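For reference, the structure is listed below as structure tokens.
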2 protein chains.
Amino acid sequence: MKKEKNQAYCAVDFAFQRIGGKYRGRILWYLNAHKVLRYGELKRLLQGITTKMLTQTLRELEQDGMVNRKVYLEVPPKVEYSLTSASLELIPLINELREWADRQIIARTISGEKIPC
Amino acid sequence: MKKEKNQAYCAVDFAFQRIGGKYRGRILWYLNAHKVLRYGELKRLLQGITTKMLTQTLRELEQDGMVNRKVYLEVPPKVEYSLTSASLELIPLINELREWADRQIIARTISGEKIPC
DNA sequence: CGGAATCCTCTGCGATACTG
DNA sequence: CAGTATCGCAGAGGATTCCG
């Protein structure tokens with residue numbers, strides 16, 4: 001049976017369905033920073049992600065029109081991922097989210113916490 | 001054992017941990033639109049949410065410094081929720097996310113889909 | 001009115017092994 | 001290299017009942 005993403009109740013939900021989840025945000029972020037990334041490069045950047053989750057997340061992003069997947073018919077195989085026009089529009093927003101988060105983290109880091117990356 | 005929110009790997013993750021999840025986005029959005037909402041008003045707006053999830057999500061948002069919780073010592077009880085300075089900074093971003101989503105939805109609605117709210 | 005307490009289901013995600 | 005295929009679990013989220 002096909003997995004149906006349950007209907008969003010409103011636009012806010014629709015947006016979060018597309019950028020939420022454990023890795024989506026970072027994948028989009030890395031793809032923007034590097035413009036084009038191969039599967040293995042993404043895997044290295046995402047440090048510790050399993051092939052299952054990476055593949056699954058990339059396929060979902062692709063279905064949502066958030067990434068382009070370009071397959072080169074070579075041996076060994078080569079697949080490149082990049083942002084689409086839709087996800088590119090999102091980058092400035094994700095960047096602002098990141099800056100907001102940075103400010104929050106700094107405000108709390110007086111007590112010692114530190115967050116890498 | 002206390003539930004520890006696992007450390008964010010980067011600022012992008014930190015942000016999504018605070019606004020992700022099934023209801024957080026809409027709760028923040030509604031709180032902004034109405035400025036102040038009582039527990040029951042939120043419950044009505046969120047249509048179908050259980051008391052468990054609403055209470056739990058509100059408590060997490062409170063711990064994260066994303067909402068204020070004001071208890072009135074009356075009978076019957078009265079509790080009001082509102083945004084904090086931290087979450088207020090997020091509103092313009094959420095609004096842009098919403099507008100982005102609207103554009104995506106319209107682009108797909110040629111095929112008939114419709115999303116309320 | 002604004003929850004708390006249980007119990008239960010489902011699924012996001014991880015670990016591991018295999019492949020064209 | 002870029003995946004696919006299984007198995008398994010913890011935790012997100014739901015349904016229901018009770019309470020000051």
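Bear in mind that the values here come from a model prediction, so they are computed numbers and not experimental data. Below, chain A is the first sequence line, B the second, and so on; all start at residue 1.
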request  = Looking only at side-chain atoms of B:Thr50, point me to the closest of C:dG14, D:dA15, D:dG3.
outcome  =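 Taking heavy atoms from C-beta onward, the closest nucleotide is D:dA15.
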task = May I ask you to establish whether B:Arg18 and B:Phe16 are in a cation-pi arrangement, using a distance under 6.0 Å from NZ or CZ to the six-membered ring centre and at most 45° from the ring axis?
result =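 No, cation not above the ring by the 6.0 Å, 45° rule.
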Earlier contact from the 5' end, DNA chain C, for B:Arg44 and A:Gly48 = B:Arg44
ask   = Taking OP1 and OP2 of C:dG12, is either one under 4.0 Å from a side-chain nitrogen or oxygen of A:Arg24?
value = no
inquiry  = So, OP1 or OP2 of C:dG2: does either fall under 4.0 Å of a side-chain N or O from B:Arg69?
reply    =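 Result: no.
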query = Does the distance from a Lys or Arg side-chain N to an Asp or Glu carboxylate O, for B:Arg24 and B:Asp64, drop under 4.0 Å?
reply = yes
inquiry  = Looking at B:Glu89 and A:Arg103, is there a salt bridge between them, counting it only when a charged N and a carboxylate O are closer than 4.0 Å?
reply    =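 So A:Arg103 pairs with B:Glu89 through a salt bridge.
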Between [N] ([atom2]) and [X] ([atom1]): distance, integer Å:
X       : N      : atom1 : atom2 : value
A:Gln56 : D:dA2  : CD    : C1'   : 16 Å
B:Leu54 : C:dC1  : CG    : P     : 14 Å
A:Glu62 : D:dA2  : CD    : P     : 15 Å
B:Ile49 : C:dG2  : CD1   : P     : 14 Å
B:Tyr23 : D:dA12 : OH    : P     : 14 Å
B:Arg59 : C:dA5  : CZ    : P     : 11 Å
A:Glu80 : D:dG3  : CD    : P     : 12 Å
B:Leu58 : D:dG13 : CG    : P     : 13 Å

query = Is a donor on one side and an acceptor on the other found under 3.5 Å between the side chain of A:Thr84 and the backbone of A:Gly65?
reply = yes
ask   = Would you say the side-chain atoms of B:Lys43 pair up with the backbone N or O of B:Ile49, donor to acceptor, closer than 3.5 Å?
value = yes
request  = Mind checking A:Tyr72 for me? I need base, sugar-phosphate or nothing, with any heavy atom below 4.0 Å counting as a touch.
outcome  = nothing
ask   = Heavy atom of residues 32-42 of chain A under 4.0 Å from DNA chain D: which residues?
value = A:Arg38, A:Tyr39, A:Gly40
request  = Decide if atom CD of B:Gln47 counts as having more than 12 heavy atoms of other residues, nucleotides or ligands within a radius under 6.0 Å.
outcome  =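 No - once you tally the heavy atoms of other residues, nucleotides and ligands closer than 6.0 Å, there are 12 at most.
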request  = Give me the bend of the helix from C:dC1-D:dG20 to C:dG20-D:dC1, using the axes of the five pairs at each end, rounded to 10°.
outcome  =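 Taking five pairs per end, the axes differ by 50°.
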Pairwise 5' ranking along DNA chain D for A:Pro77 and A:Lys52, keeping only the more 5' one =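 It is A:Pro77 whose nearest nucleotide is closer to the 5' end.
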Shared hydrophobic cluster for A:Leu31 and A:Val36 (ILVMFWY, side-chain gaps under 4.5 Å) =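 In one cluster with A:Leu31: A:Val36, no.
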remark   = Output for pair (B:Asp102 CG, B:Leu97 CG), nearest 0.5 Å, gives 11.0 Å
task = Could you tell me whether the side chain of B:Ile27 reaches within less than 4.5 Å of the side chain of B:Tyr81, counting heavy atoms only?
result = no
ask   = So does B:Thr51 reach the base of C:dA4 with its side chain, donor to acceptor, closer than 3.5 Å?
value =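 Present.
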key: A:Thr55 side chain to A:Tyr39 side chain, donor-acceptor N/O pair below 3.5 angstrom   =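 Yes, because at least one side-chain N or O of A:Thr55 sits under 3.5 Å from a partner of the opposite role on A:Tyr39.
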